[in-house]
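In what follows, a structure is listed as structure tokens, so that the remarks can point back to it.
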Amino acid sequence: MSTHHFSFRVGKTLPGTLARTGVIHTPHGDIHTPAFIVVGTKAAVKAMTVEQVKAVRAQALLANAYHLYLQPGHGLIEAAGGLGTFMNWDRPTFTDSGGFQVLSLGSGFKKVLAMQSGELADEDVIAPVRERRAFVDDDGVTFKSHLDGSTHKFTPEHSMRVQHAIGADITFAFDELTSLHDPYDYQVASLKRTHAWAERCLAEVARLRQLHPDRPYQALFGVIQGAQYEDLRKQAATFMGSLSFDGYGIGGALEKDRMGEIIRWVNEILPHDKPRHLLGISEPDDIFAAIEQGIDTFDCVSPTRVARNGAVYTYEGRMNVSAARFERDFTPIVGGCACYTCQHYSRAYLRHLFKAREILAGTLASIHNEQFIIKLVDDIRASIEGGTFYQLRDAWLKRYYGR
RNA sequence: GCAGGGAUGGUGGAGCGGUCAAACACGGCAGACUGUAAAUCUGUUGGCUUAUGCCUACGGGGGUUCGAAUCCCUCUCCCUGCA
């Protein structure tokens, strides 16, 4: 198997489900799936060194084309020898296309990401047009930089060129994210646009590969949209599955209550011999549901973001370690946890660091949270190999959510 | 000693007769965070009880007034000038 190519091999499967183990082979090494991919948007996992990220057994890292285009300036990472070399990360890398920013800087700017359709009022989810910093049309997305307000046009071709220059092993097609609150008509129009963009991404990548035959192979994953609608998700999986992508991302608005169901619609249709990445998900119940329905990899900012804001994972659920009740709790976050933080520091010390606004607080909490979620996914992988998936799932979820 | 200026809730600091349990900031407490706009954002923050309720509170005491953190007298302490 050439180290300069990309491949995916399915290992064990779980009868009666879409769950499977596997190995994604990339020019920078293998990823044993299911796997949690840590997020390092701007070529850094926030508050963590690469050594710390390796120590929590992260197999791969995902950065973002939008941020790396704006922040260090276009061309710098390419000049540095690519993303991995630049940031001293020698394992596999992914880049997101900037598609998420269509939503997070557009209709979802300064809003919460809705995970249930009826839960919130539209005005809590949809930003007024005048406040938005991203505007979509059929050609692409016009961004007003969150850094300096300057205007940048991202098209499918542009995103692929940026990702090509960054040099990640796995790239994503440029897509449009919608909100659960966008009307059906808009979801239809948006999906059509995302599909047109997918074909443009494939064409541009083909052009770039021909132009630079010496470069290591960069895989391209197409992204399945369609929000919470079964017909649109299936249509998306059918169309995208027929194109020559190396793998697939499942993205967009996912109703939490129906996460597994939505993923199943898609994964029953997508080619079974290609990897499937679930974009932006890491809550434990979602992870179990997604893996059961055939998801191979995840990425999510939640473990580190939540950590910087004082929340840490335990087997009994997530807790805010800066709470007063931990003032004199000299036990580790999780007894027996193998992470550096739990091996050396107490809840009381972490609480102190958060109250004292010490930067170390976010680092120690991030180490624990990343380790916790990575271990969870690793344990699930082992349970599929060992045929104990359901035992692990039921016991784990009961302990964590108390239900 | 004389003249002037101050003393406000955990802290700093507004208010200068009623709409003041008292702006605002910080601190405290609680919560949220799912392809990173965010080491961020919400809520709350005298007590009792949970109400268009009562009590206690704006250095201490005493007044004026229907009503005072706000005006007057006095005491204590602090600051700035002049001696």
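Since we're looking at a predicted model, the values are computed, not measured. Every chain is numbered from 1, with letters handed out A, B, ... down the list of sequences. As a basis for the values below, the full set of heavy atoms in this structure was taken, side chains included, without hydrogen atoms, waters or symmetry mates.
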Hey, can you pull the residues of [range] with a non-hydrogen atom under 4.0 angstrom from RNA chain B?
range	result
residues 353-376 of chain A	Lys355(A), Arg357(A), Ile359(A)
residues 53-69 of chain A	Leu62(A), Asn64(A), His67(A)
residues 40-49 of chain A	Thr41(A), Lys42(A), Lys46(A)
residues 264-296 of chain A	Leu279(A), Gly280(A), Ile281(A), Ser282(A), Glu283(A), Asp286(A)

Counting only side-chain nitrogens and oxygens, does Arg318(A) get under 4.0 Å of the OP1 or OP2 atom of rC33(B)?
yes
Restricting to side-chain contact (heavy atoms from CB on, under 4.5 Å), what partner residues turn up for [X], sequence neighbours left out?
X	answer
Ala173(A)	Cys201(A), Leu220(A), Phe245(A)
Arg305(A)	Val301(A), Arg308(A), Asn309(A)
Asp286(A)	Lys256(A), Met259(A), Ile281(A), Glu283(A)
Lys192(A)	none

Is there a donor N/O on one and an acceptor N/O on the other, under 3.5 Å, for the side chain of Ser302(A) and the base of rU36(B)?
no
Pick the [atom1] atom in [N] and in [M], then give their distance to the nearest Å.
N	M	atom1	result
rG27(B)	rU19(B)	P	30 Å
rG10(B)	rG47(B)	C1'	16 Å
rC20(B)	rG46(B)	P	15 Å
rC58(B)	rA69(B)	C1'	4 Å
rG9(B)	rA3(B)	P	29 Å
rG18(B)	rU49(B)	P	33 Å
rC26(B)	rA83(B)	C1'	42 Å

My understanding is that only residues two or more places apart in sequence, or in another chain, count here; which of them pass side chain to side chain donor-acceptor pair (under 3.5 Å) with Glu327(A)?
none
Scan residues 330-350 of chain A for pairs that pass ring-ring contact (aromatic ring centres under 6.0 Å, His included), counting only residues two or more places apart or in two chains.
Tyr340(A)-His344(A), Tyr340(A)-Tyr345(A), Tyr345(A)-Tyr349(A)
With a cut-off of 3.5 Å and sequence neighbours excluded, list every side-chain donor-acceptor pair involving residues 60-68 of chain A.
unit_1   : atom_1 : unit_2    : atom_2 : d
Asn64(A) : OD1    : Tyr66(A)  : N      : 2.7
Asn64(A) : OD1    : His67(A)  : N      : 3.3
Asn64(A) : ND2    : Gln101(A) : OE1    : 3.1
Tyr66(A) : OH     : His146(A) : ND1    : 3.2

Within the side chain of Gln59(A), is there an N or O that forms a donor-acceptor pair under 3.5 Å with the backbone of Lys54(A)?
no
5' precedence on RNA chain B between Arg351(A) and Arg308(A) (nearest-nucleotide basis):
Arg351(A)
Between His158(A) and His152(A), is the gap from one ring center to the other below 6.0 Å?
no
Consecutive Watson-Crick or G-U pairs in runs of at least 3, all under 3.5 Å, in which RNA chain B is involved:
B:1-7 with B:76-82, B:10-12 with B:24-26, B:27-32 with B:40-45, B:46-48 with B:53-55, B:59-63 with B:71-75
